[in-house]
Each structure stands twice: as structure tokens, then as C-alpha cells.
Amino acid sequence: MNLFKYSAPSIFYPLAGRLATGFAIAAVLLLAIGLYMSFFVAPTDYKQGEGYRIMFIHVPAAWMSMFIYLVMAAWAAAGMIWRTRLSSMMASALAPTGAMFTFIALWTGALWGKPMWGAWWVWDARLTSELILLFLYIGYMAMESAIDDPRRAARACGLLALVGVINIPIIYYSVKWWNTLHQGASIKMSESGGIESSMTEIMLWTMLIMTFACWFYTIAVALTRVRSIILERESKTVWVKEMLQQGEK
Amino acid sequence: MLNIVNLECVRGDRQLFSGLSFSLEEGSLLHVHGANGSGKTTLLRAIAGLVLPEDGAVEWGGKPARKLSEDFNRELIYMGHHYGLKFELTAYENLRVFARLSGFDISERSVELALKSMGLARCFELPVKVLSQGQKKRVSLARLLLQRSRLWILDEPFVALDVAGVSMLLEMIKEHVADGGMVILTTHQEVDVEVGKLQHLHLGEH
Amino acid sequence: MFAALKCIIARDLTLALRHRSDVLTTVFFFIIVVSLFPLGVGPETDLLRSMAAGVVWVSALLASMLSLSRLFADDFNDGTLEQLLLTPQPLALIVFGKILAHWIISGLPLVLIAPLLGLQFGLGGDALMMLVLTLLLGTPVLSLIGAIGAALTLGLRGGGVLVSLLVLPLYIPVLIFGAGGVEATVSGMGAEGHLSLLGAMLILSLLLAPLASAAALRISVE
């Protein structure tokens, strides 16, 4: 089987449609189970009460936000190495979802932080890095929309994603270092409020299910988005015209 | 020997040309024709290596120009729509920068001679910004005399030149082709460029 | 190769000498921004001293970002950039030369003027020394990273604002260790760690940034 066959947009387009539907259904199912478990099955935390339940969305969102950036950079790198159009389309299809999860992670972090630390925002290393990650996503999307020529946009964004991914560990560790240095000034908190240690098996399962729900959601949304990008960029090609004439979606 | 193999270029969503193949031997001139927007400039820039073609390759002496990279650049002078001059520097300084970056040093004397034969004897020490359009064009064309490159890629080289300038440039092109050089040019002006082995390429007719 | 590097640096410095006002604009921007902080937070010496490192460093970040638009834009507009791309020299080398010249024009003056501004904020001798040292190591990193952003946004609408979005997040590690080094000195701790980390960043960006900027220029010039 030749995997590169699927890198042609005309072949990938219908495949992406089928995959997107499958992953969307899986995401909805997992989300329903995950939400049920996080609200009704997972026990109340003995230290943090009911408020900790926001962790079931906060942690998966934070994981996804970082994971998506890595995947995006990998697609960008693939696009630069093999110069496949589809790769850069995948990269740009992932960016908005990554930014969304980053935002959710920050927002739920603030909601969690208010009862836990008594403040909406603390300059904690994780929150700060997450904020910087949001800036990186925003920069990426801003540049993409500023470039009119789709080819230049794809190549420039690919390079930017690679520069970003090299910098992320540097940024993360310097923020962490900065945070430990200024420990006195900000509120001291133990790693993640000690949740990991006290996490019961059921909490872990709930978190995993929620993570997979987010993951499948990302795949479904990215594939749907890449389908519209394909249509937009390839609108002049024969296969798109033929398909539109047949009235097939 | 320059070979264009199955070249395809796009701009935005629009395909300018595809499957374009031709070769250019020593001592020949290629005149590229085509309406506005037919992709003449893009073709010239793609050959020079400024535009990444969607498909196909530019080969120099049987090797891909992209691989040769700096070695290919040494063989080539590209003149686009811009003068490529720093207006704050004098004609001499501009030409000296080009020469040094091309890997050779030039004497003040040789620059003076080149400028003199371009009809710019008195503009040696003047910053380029005070020169007229035609004079600026002549300064940038003086590079053709100073730099020994085999392939000239000239995009609309006759623009802004007066009658004397046009005939002078034609002489230079003829001499270069007679010496076994190669020239690729586009022009909208009615100029007689019947020299050497002449080829015509018409873009935008498919 | 070395001759080409020297040539491109000499060219950019000559151009800057003939446009002296551009150089001064960056320096005055730096001075003005730093001077605004005491007006905003009040003149208490203790407060100012504890803020000094951060204020000077953030202002240096902004000033160096402001000057980025000039790095490639002029050459791009008059067509000399595409000629530079076509010279038989490695593009990364030419880009490196341009970045170096740009740092001499817009980064070095900031380093030289910074002690005066530090004095205004009541910094002592050791701290001033450290301020100069961190800026000396840090501002070239800013120019190097900034060059990537400047090359990527070349010729775009609103490129100036866009470049700040792209570049400022990447400046954060430099800010942390630059300002951190001065703060550590103010509070009587050693700052060798900060300096060596800044040095490591400088080496890393010296290796990677010219290559990345060269790739970005090829994309943007097309």
C-alpha cells in the first residue's frame, strides 16, 4: 500500500469526510461517558471538594494544547520536507483547535484557581507557559491570515511552527526557572495541588476518557476544516469542479 | 547549457504554465513573449531560482540549479523590474558591493571605464538617488560589463532607456551572445533582437 | 567568504551612517520608554530599584523589536534583496552579516546608554555592570531571533504589528535571564548562571537563526 497516495487532496477529501464522521461520533460518545463520570461517578475530593471536577476538562485541554502544537509542527515539517500540499493544510487546520484548547485550559485554570488559591490568576509556571503558548498560536494564525498567497502562507507558517517548537522547551524551562526564583513573591503551591498522588483509579479513568474525547474531537474538527481548506485551495482544479457538478458533498 | 524540464508555476490559485520544457545553448538568445500576467516574470524568476516552481526543474550543465545553488548564481545575472541599487550609495559603491559579493574585487578604474561606456562618465561619485530613471537603469546595467556571467536574465531591460541607451544595450547583448553567452529576455518594446541562435517562447497560449 | 561578510557589514553600516536619524530614533525610543515608568509608578527609590532590571530589559526588547522593520524592508523594496539572494555566497552568511550590522546599529547603542538609565533607577555599580553584561549578551539574541520574524513578515500588510506578535513570545527567555541576572546582583546573589545561560542562547541562536532567516527570506521574496 502506498501511503503517499493519500497525500493527494483529491483522494484524501472523501476519505477525510468518512474519517471525520467516525471520529465525531466517537468523540460525542466518549464525551457523554466522560462528563457523566466526572459529574456523577468520580468521588468528591476530600481536600478540594466539588470544585476539583473542573480538572477533568482542564487537564485534557492543557495536554491537547501542547500536543496539538507538536502535531502541527510535525505536519509543517513534513510539508517542508516532502512539499506535500496536504501537510501544510493539516497544520493550518489544527491551529484554531489548538488555540481553543489553550484558551480553555487558561479559562478553566482561572476558575479552578479562584477557590484553590483565592485568585483568578497567579503567575504559576504552568499557567504562564500556557499563556505564552496561546501567544504562539495567535501569532501563527495572525501570520497565516496576513499572507494572501496560500503557497507562501503554507511555507511561512511551516517555518514559524518549526521555530516555535524549538523554542517551546526553552521557554518552558526558563519560565519554570523564573518561577522557582520568584517563589517568595507569588503564592507557593505544591505540584498541581497534590491531586496526582491522591487521585483514585476512577478519577484517572475519567480523565483518560475525557482526554480521548478531546483528542477525537480534535481529529474530527481538523479533518472537517482541512476539507474546506482543500475545496478553497483546489477550487480551480478539475476534480473539484466535477464533484460540485455531481452535487456530491 | 540551460535546460528547463517540465516546469510548472502557480501564483495564488492560478496556474501560470505547466509542462514547460526547453533548452538554451551557448551563444543563443531566448525571447519570451506573452501578454501581461502570462507569467513571463515568474518564469524568469523561477529560472533564476527566486521562485520555487510547483513542479519540474531548472538544470544547468545537466545538474539541477537548485542543488548547484551558489555555483549556479555565479553563472547568472538577473535584472528584474527593480534597479537593485542602494539610492544612498554612489554608483561606484553600488557596483563595488556587487563585485565583492560576487567574489571578485574591482578597481576604481574598471568601474570608471564601465560607467563611461554606459554614458555615465560624470556620475561616478554621485549618490544614485540624484540620477534620473534612465541613468539609474544604466548604472544597474553596468554590472553586465563588470561581471563575467554566462547567463543573463533580463526582465524588461529596455524600460526607461532612451534611444541611445536601447541601441547600446542591444550592442551589449549581441556581443555577449557572440561570445558564447546566453540571454533570456522579455520586452514589450519593438526592438530588434535578431542575434545568434534566436528562440522564441510564447506564454499564455494554451 | 569572509570578504563577503565584511562587505555586507560595511555596506549596511555605511547606509546607516547616511541615515543617522534612524539609529537615533531607536535609542530615543528606548530612553523615553524607560523614563515613562517612574512617571507611571511613582518616584520611590526602593520601588524603582527593584523594578529597574525589568523596566530596562522590557524597554530594550521593545526598542529592538521596533527597529526590526528596517532590517530587510529597505533592501526588499529597492530590489537589492533579491540581488543578495542571487550572489554566489551562502545566504545564511549574508543574513548573518546583515543581522550583525543591524545589532551594531540598533543593539549596541542600547547597551551603551543603559548604564545611564540604570543610574536614574538608583542601581549600584555591580548591578550596572551586570546590566551592561546581560544586555551585551542578550541584545544580539534579540536581533537574531527578530530577524526570523522580520524575514517572515516581509512585505505583508501590517507587518510591523505582526512581527511583534511573532517575536515577543520568543524573546521571553532572554528577558527572564537578562533581567534575572541584574536582579540577582541587586539582591546580592551571583549571576554567573544567568550569564552562562544567556551565552548558551546566544550560541544556539547564532547557529540557527541565520539559517531560519535565510529560509524565511527565500519564502518571502518569491
Side-chain angles (χ1 to χ4, degrees), chain B residues 9-12 41-42 44-54 65-66 68-90 93-106 127-129 136-137 140 143 147-149 151-153 155, chain C residues 1-23 70-98 101-102 105 151 154-156 210-211 214-222:
Chain B
C9 281
V10 293
R11 192 188 302 123
T41 297
T42 308
L44 264 52
R45 291 173 72 86
I47 295 173
L50 289 170
V51 164
L52 186 68
E54 192 75 5
R66 193 154 279 279
L68 292 172
S69 159
E70 284 108 38
D71 290 324
F72 177 61
N73 285 351
R74 195 167 286 123
E75 306 280 0
L76 154 104
I77 292 189
Y78 166 83
M79 292 211 175
H81 294 272
H82 296 289
Y83 299 118
L85 300 171
K86 279 283 158 216
F87 286 7
E88 293 82 5
L89 300 180
T90 67
E93 286 168 330
N94 266 300
L95 292 169
R96 196 184 49 186
V97 167
F98 278 127
R100 292 226 172 119
L101 291 180
S102 305
F104 61 94
D105 213 346
I106 47 173
V128 171
K129 64 180 166 205
K136 283 176 190 146
K137 189 83 188 184
S140 77
R143 282 179 55 207
Q147 218 166 306
R148 289 274 144 233
S149 300
L151 176 62
W152 292 2
I153 300 178
D155 196 358
Chain C
M1 226 166 85
F2 191 67
L5 186 65
K6 224 171 69 184
C7 170
I8 195 80
I9 294 171
R11 165 190 180 268
D12 277 17
L13 292 182
T14 316
L15 283 170
L17 271 181
R18 289 181 196 175
H19 262 295
R20 248 158 296 184
S21 60
D22 283 356
V23 182
R70 283 200 311 273
L71 182 51
F72 298 116
D74 289 343
D75 286 355
F76 178 66
N77 291 331
D78 61 21
T80 42
L81 188 64
E82 58 186 28
Q83 295 298 342
L84 290 179
L85 258 63
L86 292 175
T87 54
Q89 308 292 341
L91 184 56
L93 183 82
I94 290 184
V95 170
F96 174 66
K98 284 194 69 72
H102 180 260
I105 298 158
L154 201 53
L156 295 183
L211 290 173
L217 278 184
R218 285 203 194 281
I219 295 168
S220 299
V221 163
E222 188 159 297

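In what follows, chains carry the letters A, B, and so on, assigned in the order in which the sequence lines appear, proteins first and then strands, with residues in each chain numbered from 1.
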Checking [X] against chain C: side chain, backbone, both or neither under 4.5 Å from a heavy atom?
X: B/E75; result: neither
X: B/F98; result: side chain
X: B/L52; result: both
X: B/L50; result: both
X: B/Y83; result: backbone

Review point. For C/D74, is it the side chain, the backbone, both, or neither that has a heavy atom closer than 4.5 Å to a heavy atom of chain B?
Key: both

Revision key, fill the gap. If one checks every heavy atom of C/L84 against chain B at 4.5 Å, the contacting part turns out to be side chain

Revision key, fill the gap. To the nearest 0.5 Å, atom CZ of B/R100 lies from atom CD of C/Q89 at 12.5 Å

Review point. What distance do C/R70 atom CZ and C/D75 atom CG have between them, rounded to the nearest 0.5 Å?
Key: 12.5 Å

Check your understanding: Any donor and acceptor pair, going by atom type alone, linking the side chain of B/N73 with main-chain N or O of C/T87 inside 3.5 Å?
Key ->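 Confirmed, B/N73 side chain pairs with C/T87 backbone.
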
**Study point:** salt_bridge(C/E82, B/R45) N-O dist < 4.0 Å
**Key:** yes

Check your understanding: Is the closest side-chain donor-acceptor distance between C/D12 and C/H102 under 3.5 Å?
Key -> no

**Study point:** Between B/S102 and B/R74, a side-chain donor and acceptor under 3.5 Å
**Key:** no

Point to revise | Among the listed options C/I219, C/L91, C/T80, the residue most often paired with chain B at heavy-atom distances under 4.5 Å | key: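 Result: the option with the highest number of such pairs is C/T80.
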
Exercise for review: Select, from C/G79, C/C7, C/P88, C/P90, the one with the greatest count of heavy-atom pairs under 4.5 Å involving chain B.
Suggested key: C/P88

**Study point:** Leading residue by heavy atom contact count with chain C [cutoff under 4.5 Å; candidates B/R11, B/H81, B/R143]
**Key:** B/R143

Revision key, fill the gap. side-chain hydrogen bond (donor to acceptor under 3.5 Å, both in side chains) filter on B/R96, not counting sequence neighbours, yields none

